[in-house]
Amino acid sequence: MSAIPLVDLRAQYHHLKAEIDAAIAAVLERGQFVLGPEVDAFESEMAAYCGTRHAIGVASGTDALELALRACGIGPGDEVITTALSFFATVEAIVAVGARPTFVDVEPATYTLNPAEVAAHITPKTKALIPVHLYGHPCAMDQLLPFATAHRLKLIEDCAQAIGAEWNNKRVGGFADAGCLSFYPTKNLAGYGDGGMVVTNDDAIAERIRLLRVHGSRRRYTHEVIGMNSRLDELQAAILRVKLRHLEEWTAARRRHAERYTRSFAAAAQQMTLPRERPGYRHVYHLYAVRLARRDQVQERLAKRKIETQICYPSTLPAQPALQPWGISARCPVAESVTNDLLALPMYPELTPSLIDEVVQAVLEGMRSR
Ligand SMILES: *Cc1c(COP(=O)(O)O)cnc(C)c1O
């Protein structure tokens with residue numbers, strides 16, 4: 001029996017040690033550390049990967065969302081519709097630009113923004129939609145895209161958990177106005193520190209973000225607008241360039257692991273809900289998350305066997321203490337029930353079939369015991 005982490009960052013480093021060490025050394029030798037040739041090259045490679053005209057490196061996924069909102073002209077007085085189930089950064093960005101979040105419940109099949117419930121939340125103030133491709137499965141873009149167009153809403157995809165996920169054979173990020181990526185160390189494409197990116201096909205949005213990320217300045221010491229300091233650094237870009245070359249093989253491995261989990265749990269599928277991949281969509285399994293009764297008991301049992309799991313998320317966004325002063329009410333029974341019984345199991349490319357089998361055994365035992 002071995003300890004099985006949720007994500008194994010050291011295993012990945014050891015696989016790529018020679019390439020990564022060389023990339024870091026090259027940056028240190030060059031002596032240019034913020035927005036240099038590595039960032040330029042990484043931006044071109046990412047634009048090609050995501051199938052977008054532009055990719056702009058920024059300091060984090062959270063900043064990517066805030067910058068995308070600002071570049072789309074969203075601000076005080078505007079309402080932005082998003083999902084009730086996500087990492088807090090999604091709503092933080094909305095509040096940071098002075099807009100008001102409106103929460104919509106998730107679909108039971110994919111845990112992503114339920115397109116059937118969006119219409120009921122539109123008001124004359126609604127200006128944008130931020131769907132989150134949660135756990136690696138894209139939102140129902142087939143319905144959200146025409147909806148956003150019909151209502152003249154800006155549509156910003158939160159792709160932090162879903163790089164390389166697809167709908168209609170197209171990768172997420174480039175479907176509408178902007179796509180926001182995070183390179184936080186536990187994401188599918190991860191740096192060794194913070195990093196993020198906005199991808200877009202819109203020249204004006206790209207230019208605006210390039211201006212905003214460096215203090216609103218095009219020419220040194222001339223500031224056209226109030227911007228921020230949100231730049232990707234050369235070390236992260238150099239590391240991410242090495243890793244990007246392996247991303248497709250890692251995604252393929254995640255999908256194989258997910259298949260093995262799903263096959264192994266088939267006999268217990270009456271007692272648990274397994275992740276699903278909607279036809280026409282490609283899941284990249286940032287997380288392999290199952291719903292099960294007595295979730296906390298199972299988690300405890302796995303912890304005793306040194307198998308790490310995570311509850312994503314223990315609370316819906318509208319229930320977060322920080323949002324209470326806004327008095328935002330939201331009816332989101334599906335998201336609420338997910339917070340009570342969803343558990344993310346170990347998932348990373350370097351997992352092996354025997355480690356997966358250990359996790360499966362431990363989960364099944366945990367479900368059986370009283
Ligand atoms: C990680 C994450 C973010 C924020 O990314 P950071 O790089 O950590 O700022 C935003 N949205 C979602 C859904 C995330 O998972």
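Numbers here are sequence positions counted from 1. Every heavy atom of this structure was used, including side-chain atoms; hydrogens, water molecules and symmetry mates were not. Each ligand, and each atom within it, is numbered from 1 in the order the structure gives.
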Check your understanding: Going only through I, L, V, M, F, W and Y residues with side-chain contacts under 4.5 Å, is there a path from Leu345 to Tyr135?
Key ->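 No.
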
Practice item. Determine, using the 4.5 Å side-chain heavy-atom cutoff (strictly less than), whether Leu65 and Leu212 are members of one ILVMFWY cluster. Key: no

Review point. Do the side chain of His137 and the main chain of His133 share a donor and acceptor less than 3.5 angstrom apart?
Key: no

Point to revise | Main-chain N/O of Leu232 paired to Arg213 side chain as donor or acceptor, under 3.5 Å | key: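 Side chain of Arg213 to backbone of Leu232, a donor-acceptor pair under 3.5 Å: no, none is there.
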
Show the atoms of ligand 1 that are less than 4.0 angstrom away from any heavy atom in [X].
X	answer
Gly61	5 (O), 6 (P), 7 (O), 9 (O)
Thr90	11 (N)
Val132	13 (C)
Ser60	7 (O), 9 (O)
Phe87	2 (C), 3 (C), 12 (C), 14 (C), 15 (O)
Ala89	3 (C), 4 (C), 10 (C)
Ser86	13 (C)

Please check whether [X] reaches ligand 1 - meaning an N/O of the residue sits under 3.5 Å from an N/O of the ligand, judged on distance alone.
X	answer
Leu65	no
Gln161	yes
Ser182	yes

**Study point:** Six-ring centre of Tyr348, Arg254 cation under 6.0 angstrom, axis tolerance 45°
**Key:**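 Negative - Arg254 is either too far from the ring of Tyr348 or too far off its axis.
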
Review point. Of all heavy-atom pairs between Ser369 and Arg301, which one has the smallest distance, and what is that distance?
Key: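 Nearest pair, atom of Ser369 first, then Arg301: OG-NH1, 3.7 Å.
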
Residue [X] excluded, over 12 heavy atoms near [atom1] under 6.0 Å:
X	atom1	result
Asp203	CG	yes
Glu249	CD	yes
Arg331	CZ	no

Check your understanding: Taking atom 12 (C) of ligand 1 as the point of reference, which of Cys312, Ala162, Pro185, Ala160 owns the nearest heavy atom?
Key -> Ala160

Practice item. May I ask you to identify the nearest protein heavy atom to atom 9 (O) of ligand 1, giving residue, atom name and distance to one decimal place in Å? Key: Thr62 OG1, 2.5 Å

Point to revise | Heavy atom of the protein closest to atom 11 (N) of ligand 1 (residue, atom name, distance) | key: Asp158 OD2, 2.8 Å

Check your understanding: Is there a heavy atom in Gly196 that sits closer than 4.0 Å to ligand 1?
Key -> no

Check your understanding: Has Lys187 got any heavy atom lying under 4.0 angstrom from an atom of ligand 1?
Key -> yes

**Study point:** Arg295/Asp341 ion pair, N-O < 4.0 Å
**Key:** no

